[in-house]
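Read through the structure below, which is laid out as structure tokens, and then see the notes.
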Protein chains: 2
Amino acid sequence: MSRPYTIARLAAAAGVHIETIRYYQRLRLVPQPARPFGGIRRYTEADADRLRFIKRAQAMGFTLVEVESLLKLQARRSCHATRELAATKLRLVDARIRELRDLRKELAGLIADCDANTQDAKCPVIQRLAS
Amino acid sequence: MSRPYTIARLAAAAGVHIETIRYYQRLRLVPQPARPFGGIRRYTEADADRLRFIKRAQAMGFTLVEVESLLKLQARRSCHATRELAATKLRLVDARIRELRDLRKELAGLIADCDANTQDAKCPVIQRLAS
DNA sequence: ATAGGCTCCGTAGTATGGTACGGAGTCAAG
DNA sequence: CTTGACTCCGTACCATACTACGGAGCCTAT
């Protein structure tokens, strides 16, 4: 197998920092290739692909723990189990959206109340918090 | 001024843990009353109110740094400045909701694709991440 | 062959909002 | 006045996802 990358070139190819790769190695999210006697570790295109997979999964809101599961599911080729992981994430996202909508509503209401208020000593936001 | 509370009673009155109070004292979010020679610190109802204010603000999604500002604004009695802080928070919440909606949409689409998929080796979620 | 850059590795620090622990001092009830 | 509970204080630790640092070893170009 061709091993074109030093760690710095791997980092550049995947768009992450060297220290991030080392961090993922410590977490065993990515493999640490053997170090030849008196030499340095070298990396493959598959290593770059794996890092890019992780980056995309993170951009989609998955935590590193979830990414670990996704990588295992990729190897296991189980679409059903993967679907379940995505569905669980979707439920979490939905719940968070609902929370934020409620918060949004309350903030918007308080701001509107501020605009209608003329007494600095009776700020609706402060009164809501000090109640 | 009446000082009815020991720190444990203050914590119970405000619904927080003792260590949370000490943590807030370190952050200077709440005052640390003087310790009498050879005695223990005692707290007032105002201290309990301040802790409850913090708790409500946190429940509304404000960080402790923002809570610090809110407490100062409470003292300054500036409804306008408070409104601006709330408006900034509202913009952040809106932005986060938009992000999560996009994510939700993508996840829902991938899950639907999984339901239509019959080949475990071509899971839409995995293909999206491995692209 | 040597200079300067890169790699390796372990440890420590960042932000956030706390929680846990341990020893010494203090307080209150019996 | 003793005993057990509470307080004080500093430090360390939790999760999350990194980032920084330092010294030794290695690699490459001149």
Side-chain angles (χ1 to χ4, degrees), chain A residues 3-44 47-48 50-71 89 92-93 96 99, chain B residues 3-44 47-48 50-71 89 92 96:
Chain A
R3 299 197 157 268
Y5 299 124
T6 62
I7 195 166
R9 289 181 190 285
L10 175 66
V16 300
H17 293 157
I18 292 175
E19 288 311 316
T20 302
I21 296 174
R22 295 200 198 285
Y23 175 63
Y24 290 172
Q25 289 175 340
R26 282 201 294 280
L27 297 185
R28 301 188 178 279
L29 257 190
V30 301
Q32 187 176 46
R35 185 176 175 182
F37 293 111
I40 61 171
R41 301 180 202 283
R42 296 203 149 260
Y43 298 85
T44 67
D47 293 322
R50 194 170 174 94
L51 285 169
R52 284 188 286 254
F53 182 106
I54 294 170
K55 230 190 146 187
R56 288 191 203 100
Q58 279 197 294
M60 287 190 62
F62 292 99
T63 66
L64 290 183
V65 170
E66 289 164 340
V67 171
E68 197 181 354
S69 300
L70 285 168
L71 286 164
K89 192 74 190 172
L92 281 175
V93 169
R96 185 73 185 132
E99 280 176 19
Chain B
R3 299 198 157 266
Y5 298 125
T6 61
I7 195 165
R9 289 181 190 286
L10 175 66
V16 300
H17 294 157
I18 292 175
E19 288 311 315
T20 302
I21 296 173
R22 296 201 198 284
Y23 175 61
Y24 290 171
Q25 289 175 339
R26 283 203 293 282
L27 296 185
R28 301 188 178 280
L29 258 188
V30 301
Q32 188 176 45
R35 186 178 175 181
F37 293 110
I40 62 171
R41 300 180 203 284
R42 297 202 149 260
Y43 299 86
T44 67
D47 293 322
R50 195 169 175 95
L51 286 169
R52 285 188 285 254
F53 182 105
I54 294 170
K55 227 188 150 189
R56 286 189 204 103
Q58 278 198 294
M60 287 190 62
F62 291 99
T63 66
L64 290 183
V65 170
E66 290 164 340
V67 171
E68 197 181 353
S69 300
L70 286 168
L71 285 163
K89 191 76 190 172
L92 281 176
R96 186 73 184 133

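In what follows, every chain begins at residue 1, and chains take the letters A, B, ... in the order their sequences are listed.
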Does Gln58(B) reach the main-chain N or O of Lys55(B) with its side chain, forming a donor-acceptor pair under 3.5 Å?
no
Salt bridge (charged side-chain N to carboxylate O under 4.0 Å, His left out) partners of Arg22(B), counting only residues at least two apart:
Glu19(B)
Could you check how far CG of Leu51(B) sits from P of dG17(C), rounded to whole Å?
15 Å
What is the distance from CD1 of Ile18(B) to C1' of dT7(D), rounded to the nearest Å?
8 Å
dT7(C) OP1/OP2 closer than 4.0 Å to side-chain N/O of Thr6(A)
yes
Look at Gln32(B) and dC9(D) and indicate whether a side-chain polar atom (N or O) is within less than 4.0 Å of OP1 or OP2.
yes
Out of dC6(D), dT7(C), dC9(D), minimum distance to the side chain of Ala8(B) belongs to dC6(D)
Rounded to whole angstroms, how far apart are OH on Tyr5(B) and P on dT7(D)?
14 Å
Just by distance, do the side chain of Arg35(B) and the backbone of Gly39(B) share a donor-acceptor pair under 3.5 Å?
yes
Over how many whole Å does the gap from Glu66(A) atom CD to dA15(D) atom P extend?
16 Å
Might you point out which heavy atoms bring Thr44(B) and Tyr5(B) nearest each other, and give the distance in Å?
O-CD1, 3.6 Å
Test side-chain contact (heavy atoms from CB on, under 4.5 Å) on Val16(B) and Tyr23(B); report intermediate values, then the result.
CA-CA 11 Å; Val16(B) 300; Tyr23(B) 175 61; over 6 Å; no
dC26(D) phosphate, OP1 or OP2: any side-chain N/O from Arg41(A) under 4.0 angstrom?
no
Is any side-chain heavy atom of Ile54(A) closer than 4.5 Å to one of Leu64(A)?
yes
Spell out, as yes or no, whether a donor-acceptor pair under 3.5 Å connects the side chain of Lys89(A) to the backbone of Phe62(A).
no
Treat primed atoms plus P, OP1 and OP2 as sugar-phosphate and everything else as base, then score nucleotides 17-24 of chain D 5' to 3': B for base contact with protein heavy atoms under 4.0 Å, S for sugar-phosphate contact only, - for none.
BBBB----
Atom pairs under 3.5 Å: protein N/O with N/O of nucleotides 28-30 of chain C:
none

Any donor-acceptor pair under 3.5 Å linking the side chain of Arg9(B) with the backbone of Tyr43(B)?
no
Are any of Arg9(A)'s side-chain N or O atoms less than 4.0 Å away from OP1 or OP2 of dG5(C)?
no
Using whole Å, report how far CD of Gln25(B) lies from P of dG17(C).
18 Å
Please report, rounded to the nearest Å, how far the C1' atom of dC8(D) is from the CD1 atom of Ile7(B).
9 Å
Give Arg35(A) one of three labels, base, sugar-phosphate or nothing, depending on what nucleic acid heavy atoms sit under 4.0 Å from its own.
sugar-phosphate
Are the side chains of Ile21(B) and Leu51(B) in contact, using a 4.5 Å heavy-atom criterion?
yes
Separation of atom NZ in Lys55(B) from atom P in dG17(C), rounded to whole Å
16 Å
